[in-house]
Protein chains: 2
Amino acid sequence: MKQQKEPTLKLIAEKLNISVTTVSKALKGYSDVSAVTRQRVIDMADQLNYTPNSLAVNFRTKETRTIGIIIPEVVHHFFSSVINGVIEEAERQNYFVIILQSNEKKEMEKRQVELLISKKVDGIIMSLSNQSNDEDYLKMIINKKIPFVLIDKISKLIDCSKVVIDDKKAAFDAVNHLINMGCKKIAHIRGPLNPQNAIDRFLGYKAALAHHNIPFNPELVIPCERVCYEEGYEFTKKIMTKYPDVDGFFAITDLVAVGILTYLNEQQIKVPEQVAVIGFSNWFMSGVISPKLSTIDQPGFTMGAQAFLLLKEEMESMKTTGERLCKTITLNTDVLVRASSKRN
Amino acid sequence: MKQQKEPTLKLIAEKLNISVTTVSKALKGYSDVSAVTRQRVIDMADQLNYTPNSLAVNFRTKETRTIGIIIPEVVHHFFSSVINGVIEEAERQNYFVIILQSNEKKEMEKRQVELLISKKVDGIIMSLSNQSNDEDYLKMIINKKIPFVLIDKISKLIDCSKVVIDDKKAAFDAVNHLINMGCKKIAHIRGPLNPQNAIDRFLGYKAALAHHNIPFNPELVIPCERVCYEEGYEFTKKIMTKYPDVDGFFAITDLVAVGILTYLNEQQIKVPEQVAVIGFSNWFMSGVISPKLSTIDQPGFTMGAQAFLLLKEEMESMKTTGERLCKTITLNTDVLVRASSKRN
DNA sequence: TTGTACGCGTTATCAA
DNA sequence: TTGATAACGCGTACAA
């Protein structure tokens, strides 16, 4: 059983004894085709089960209806939520989404950007690796006039549209909450030194301390390298050993905060009575562990959806004016108070 | 600053005063081009920073170097691991991956299949929704001779290559373990009634009971609909209320098992002393909650990677022989014994 | 060893 | 209102 070959405009034209041009126009609803002809064409197309050859369309129009997204890693609650948001919105607008990972490595990220460019995607959404700033390959996207949106992990040095949260404010809110709960000596297990969001969260932490006239002690801040569960555990051990009177922890992300909780639980240190803990991002698991983890609700899905919509705007803008919008959307975050930080 | 247009074979040919054909051949390493000419072409291509227009290549070759994957949902530890595996292997072989979700809905799934077909992807990987069996759109993939691999959530009624685990055996092992730990009355919070893997796990549960001459009580088995945390909690409540002497739980997946643990913890029912619990899939969180959850290690990443490799084989096969391989790869699973089921 | 010429399916231009 | 024709960039059978 050989596969019958796909019907084409030409086939329809031959069957109806009219020109390919007319068929094309009829199917695309051009006005300069008689109603009768149009109907005949449409009927025949139906009958033959015609669908346009998207390869040919792509070739002609130079558009692929495909966008690319590059993120550090898929298996990560926040990023998979972002992907979900992007896909869902893209789907609604008939775009496909190609997903690539940087694994937090610059070289990878570079390669992925080049791949997407060579694939001629209609636009690119990116969340930067921990090492990236104003890399050449990012500038290349700009120079090549490819619609571009940075999301969450951005660089201030790249001029393009962005979707972010106010990390500094969110961190401030988190630490402020701990202080309001009575914490006097709060440690911060922060992210790596380079990424903007880790910096901003750290600044938020400091600002909250300052706001309440609590002295800042750099020894109470330890940066993660891998931002993992194990680091949360280890750094807490380190801090609590040296400063047993620490009574609050603010973690760069929930995963780390769970490591903190694990250590505290093991040491039978009461949470939240003796030590209160708050994380960041609202990973799924933080709502099902015990004690339930207080955290910052970071709207991954919405960020993804907004990123696509903004990218779409960029596409329009580039097509019409040739210029970028360079719009930044800042989404709201809330403190989710749960058991790990609630003191009556 | 207008965007300079991309260099083409034609441009190179003009610059060198030779034909497009020769340029094409030279760049593709054909033997019938003199070494000198080849070098000149390559140099010029370098100089102009030539890259083939992938849209034109796709159009000519009828290949896109893109595959599609349809899964129930991205934000799900197992599936995101699968995606990771697929992407990583695809990446290595220079393929792109388009990801679509069915949200467990048949109509969605159908639409996504149609989209991928119209996009002319080189192959499709799918994990079926809970409602799907031998749907028409799946048969369409077969009929259209599109390379196809089903993964994890498969249908026995569709004749194609598959990557699976032995769900029945894995479930048997899990329940067998509980029995070996001394459980006499084991409940099973199972998956929905349709999907094959839920059926198989249920059969494994029954088989293990039978193996130890433990009577099967259908009242101790409750099927989930949404397979969520809340159902784990509620169904455990229901079962423990009616049968307080139940001393073991086997859950369709870790998410549900965490719901079970939450209820038991709340009721101060000791785990694992009074009730032992085992889940399925080894979600990340099961290693960080307390007590740590015993589970079945389901190798999502490997399944994804294998699925891509198998799809690649299918592509080769279809190209050469025109026939499908219809190979099934069954991956091993292990029981991960952790605190929730460990008795001395 | 090199080049001519055509085709892939669609769309755009221009003439009829 | 319709159609002839060219064009997109590349690949390839065939001729030179």
Side-chain angles (χ1 to χ4, degrees), chain A residues 3-45 48-66 94 117-122 319, chain B residues 3-45 48-66 117-122 144 319:
Chain A
Q3 185 185 3
Q4 72 198 16
K5 66 165 173 289
E6 304 281 319
T8 64
L9 292 184
K10 190 172 154 197
L11 182 62
I12 297 177
E14 281 167 3
K15 295 253 182 195
L16 295 177
N17 255 316
I18 57 178
S19 76
V20 173
T21 313
T22 306
V23 175
S24 173
K25 286 178 179 168
L27 289 175
K28 299 194 70 188
Y30 277 51
S31 58
D32 57 350
V33 178
S34 71
V36 188
T37 310
R38 168 173 303 123
Q39 199 51 54
R40 289 183 63 216
V41 170
I42 290 173
D43 289 346
M44 181 57 74
L48 296 176
N49 222 324
Y50 168 83
T51 49
N53 179 328
S54 68
L55 265 37
V57 175
N58 291 345
F59 178 47
R60 268 305 317 212
T61 61
K62 300 184 185 321
E63 288 182 357
T64 54
R65 283 247 149 205
T66 302
N94 273 301
I117 291 178
S118 79
K119 178 76 180 179
K120 298 207 183 295
V121 290
D122 293 347
K319 194 182 286 180
Chain B
Q3 185 184 2
Q4 72 199 17
K5 66 164 172 292
E6 303 281 318
T8 65
L9 293 184
K10 188 169 153 201
L11 182 63
I12 297 177
E14 281 167 2
K15 295 250 183 198
L16 295 176
N17 253 315
I18 56 178
S19 77
V20 172
T21 312
T22 306
V23 175
S24 172
K25 286 177 178 171
L27 289 175
K28 298 192 72 186
Y30 277 49
S31 58
D32 58 349
V33 178
S34 72
V36 188
T37 310
R38 168 173 305 123
Q39 200 50 56
R40 289 183 63 218
V41 170
I42 290 174
D43 290 346
M44 181 56 74
L48 296 176
N49 223 324
Y50 169 82
T51 49
N53 180 329
S54 68
L55 264 37
V57 175
N58 291 345
F59 179 46
R60 272 302 326 211
T61 61
K62 300 184 185 317
E63 288 181 357
T64 54
R65 284 246 149 208
T66 302
I117 291 177
S118 80
K119 179 75 179 179
K120 298 211 183 295
V121 291
D122 294 347
K144 293 228 177 203
K319 193 182 287 181

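Note on naming: letters A, B, ... go to the chains in the order of the sequence lines (proteins, then strands), and numbering restarts at 1 for each one.
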Legend entry - Nearest-nucleotide comparison on DNA chain C, the residue closer to the 5′ end among B:T37 and A:Y50: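 Of the two residues, B:T37 wins.
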Using whole Å, report how far [atom1] of [X] lies from [atom2] of [N].
X      : N      : atom1 : atom2 : result
A:L11  : C:dC8  : CG    : C1'   : 15 Å
A:Q39  : D:dT1  : CD    : C1'   : 17 Å
A:K120 : D:dC8  : NZ    : C1'   : 12 Å
B:L55  : D:dA7  : CG    : P     : 20 Å
A:L16  : D:dT2  : CG    : P     : 12 Å
A:I12  : C:dG9  : CD1   : P     : 13 Å
A:L27  : C:dG9  : CG    : P     : 16 Å
B:N58  : D:dC10 : CG    : C1'   : 11 Å

Legend entry - A:T21 side chain to A:S19 backbone, donor-acceptor under 3.5 Å: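 It does not hold such a pair.
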Inset, instruction - Check whether any side-chain heavy atom of B:I117 lies under 4.5 Å from a side-chain heavy atom of A:T51, and answer yes or no. - result: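 Counting from C-beta outward, B:I117 and A:T51 never come under 4.5 Å.
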Legend entry - Test item: B:N53 and B:T8 side chains (from C-beta on) under 4.5 Å apart, heavy atoms: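 With C-beta onward as the side chain, the pair stays apart.
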Inset, instruction - Would you classify A:V20 as touching base, sugar-phosphate or nothing, given that sugar-phosphate means primed atoms plus P, OP1 and OP2, and contacts are heavy atoms under 4.0 Å? - result: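 The answer is base, as A:V20 lies within the cut-off (heavy atoms under 4.0 Å) of a base atom.
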What nucleotide, of [options], holds the atom closest to the side chain of [X]?
X     : options               : result
B:I18 : D:dC10, C:dG9, C:dG3  : C:dG3
A:L9  : C:dT10, D:dT2, D:dC10 : C:dT10
B:S34 : D:dC10, C:dT2, C:dG9  : C:dT2
A:S19 : D:dG11, C:dG9, D:dA4  : D:dA4

Where do N or O atoms of nucleotides 12-14 of chain C meet protein N or O atoms at under 3.5 Å, pair by pair?
unit_1	atom_1	unit_2	atom_2	d
C:dA12	OP2	A:Y30	OH	2.9
C:dA12	N6	A:T21	OG1	3.4

Legend entry - Under-4.0 Å side-chain N/O to phosphate OP1/OP2 contact, B:T8 with D:dC8: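 For D:dC8, neither OP1 nor OP2 has a side-chain N or O of B:T8 closer than 4.0 Å.
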Inset, instruction - Establish, with yes or no, whether the OP1 or OP2 oxygen of D:dC10 is under 4.0 angstrom from a side-chain nitrogen or oxygen of B:T61. - result: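 No, no such contact exists.
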Inset, instruction - Carefully, step by step, assess B:K119 and B:T66 under the rule side chain to side chain donor-acceptor pair (under 3.5 Å). - result: CA-CA 9 Å; B:K119 179 75 179 179; B:T66 302; over 6 Å; no
Legend entry - B:K319/B:E63 ion pair, N-O < 4.0 Å: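 Yes, this pair counts.
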Inset, instruction - If a pair satisfies salt bridge (Lys or Arg N to Asp or Glu O under 4.0 Å) and one of its residues is in residues 9-24 of chain A, list it, with sequence neighbours excluded. - result: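 Pairs touching residues 9-24 of chain A that pass the test: none.
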Legend entry - Set of residues satisfying side chain to side chain contact (heavy atoms under 4.5 Å, CB included) with respect to A:V33, sequence neighbours excluded: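 Side chain to side chain contact (heavy atoms under 4.5 Å, CB included) list for A:V33, sorted by chain: A:T22, A:K25, A:A26, A:T37, A:R38.
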